[in-house]
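Note sheet for the following structure.
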Amino acid sequence: MKGFYRILILATVLSSNYAFASDQPSTSNFNLSGNVSLASEYRWRGQTQTKNDATFQGNFLLNHSSGFYLASFASNVDFGDEAHLELDPSFGYATPIILGKFQPTIDLGILRYNYVGKSNLNYNEYYLKMIINNALSDSDSFSPSISYTPQYGGKATRQSIGEDVKNWYFNLLYTTPIAHTHFGAIASLGYSKASQAMYGGNAEDHFIDWKIAANYNYKPMNLNAELAAIGTNLDTHGFTDTSKKGVKTAAVFTLSKSF
């Protein structure tokens, strides 16, 4: 299941590229961009998707000057079953609006979680994001978002629980540069709310995840290095040591190259 911090990084790419396409003269209405990254672990909403092992990922975005875009995310995964590759396409629309002194970008779309070799895990998620640039200081960004799926975890969850599970996800993301340097800071707080108690050892219908990170951007090579603390408050009663490690706060290092 796609690491939400990766989704939000892609959302930032969407907003910045939309602005780029709008502000710069171009002979084409389309713009292709993306990034590839190597990370010490793949975390999705605070939870490991690779059994705490390393991951290689890619984000690709084709956006049109009208605001419509197509995107794709790819990553290796390890759930202990047949799924080893995640390929997530998404389709959406992003447009700036005027709210007083703010001019945020509204981004809404649909994301398909797709696991090669394990199709009963596949499902759709619908999202709405607001991206506010220069919210508190120059060049920062504040992005509240809401995601919803009527079939969390796909057919596999329905077969396990006996019915489809609806799930809401709320997230607040803030990114800011640090003074006049190439360093930056990221803070993210997420809240998951399901229609059934299914999270953690002593099952509950909700949990919280977080991320606090610092990064460094080397512009001549479009490289970005990030060190993050990512975790959840999931109850780990009855979990193995490996499973506990996969949801507790951990350091994750990521090196990305944009193009």
For Phe259 and Phe60, take the angle between the two ring planes, folded into 0 to 90°, and tell me which bin it lands in: parallel under 30, tilted 30 to 60, perpendicular over 60.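 Because their plane-to-plane angle lies in the 30° to 60° range, the rings of Phe259 and Phe60 count as tilted.
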Whether Tyr152 and Tyr199 hold their rings parallel, tilted or perpendicular, with breakpoints at 30° and 60°: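 Taking Tyr199 first and then Tyr152, their aromatic rings stand perpendicular (interplane angle over 60°).
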Do the side chain of [X] and the main chain of [Y] share a donor and acceptor less than 3.5 angstrom apart?
X: Asp88; Y: Asn114; answer: yes
X: Thr240; Y: Ser243; answer: yes
X: Thr232; Y: Val247; answer: yes
X: Asn35; Y: Leu223; answer: no
X: Thr48; Y: Asn52; answer: yes

State whether Arg45 and Asp209 are salt-bridged, where the test is any N-O pair (Lys NZ or Arg NE/NH1/NH2 against Asp/Glu carboxylate O) under 4.0 Å.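 Not counted as a salt bridge, because no side-chain N and carboxylate O are separated by less than 4.0 Å.
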If you round to the nearest 0.5 Å, how far is [atom2] of [Y] from [atom1] of [X]?
X: Lys129; Y: Ser143; atom1: NZ; atom2: OG; result: 9.0 Å
X: Ile97; Y: Ile106; atom1: CD1; atom2: CD1; result: 4.0 Å
X: Asp140; Y: Ser137; atom1: CG; atom2: OG; result: 4.0 Å
X: Phe73; Y: Ser90; atom1: CZ; atom2: OG; result: 11.0 Å

Determine, stepwise, if the pair Tyr216 / Phe183 fulfils ring-ring contact (aromatic ring centres under 6.0 Å, His included). CA-CA 4 Å; Tyr216 177 81; Phe183 289 92; 4.8 Å; yes
Would you say that [X] contacts [Y] through its side chain, given a criterion of any heavy-atom pair below 4.5 Å between the two side chains?
X: Val252; Y: Lys211; answer: no
X: Pro96; Y: Gln103; answer: no
X: Ser75; Y: Thr55; answer: yes
X: Asn122; Y: Arg112; answer: yes
X: Asn171; Y: Leu173; answer: yes
X: Leu255; Y: Asn224; answer: no
X: Leu189; Y: Tyr191; answer: no
X: Tyr169; Y: Tyr127; answer: no

For a side-chain hydrogen bond (donor to acceptor under 3.5 Å, both in side chains) with Tyr69, tell me which candidate from Asp107, Asn31, Asn63 qualifies.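 Considering Asp107, Asn31, Asn63, a side-chain hydrogen bond (donor to acceptor under 3.5 Å, both in side chains) with Tyr69 is found only for Asp107.
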Check: Tyr148 ring centroid to Tyr126 ring centroid under 6.0 Å: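 Ring centroids of Tyr148 and Tyr126 are no less than 6.0 Å from each other.
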Would you say the ring centroid of Tyr115 lies under 6.0 angstrom from that of Phe79?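 They qualify: ring centres under 6.0 Å apart.
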Derivation and outcome, side-chain contact (heavy atoms from CB on, under 4.5 Å), residues Glu41 and Thr50: CA-CA 7 Å; Glu41 187 178 351; Thr50 52; 3.9 Å; yes
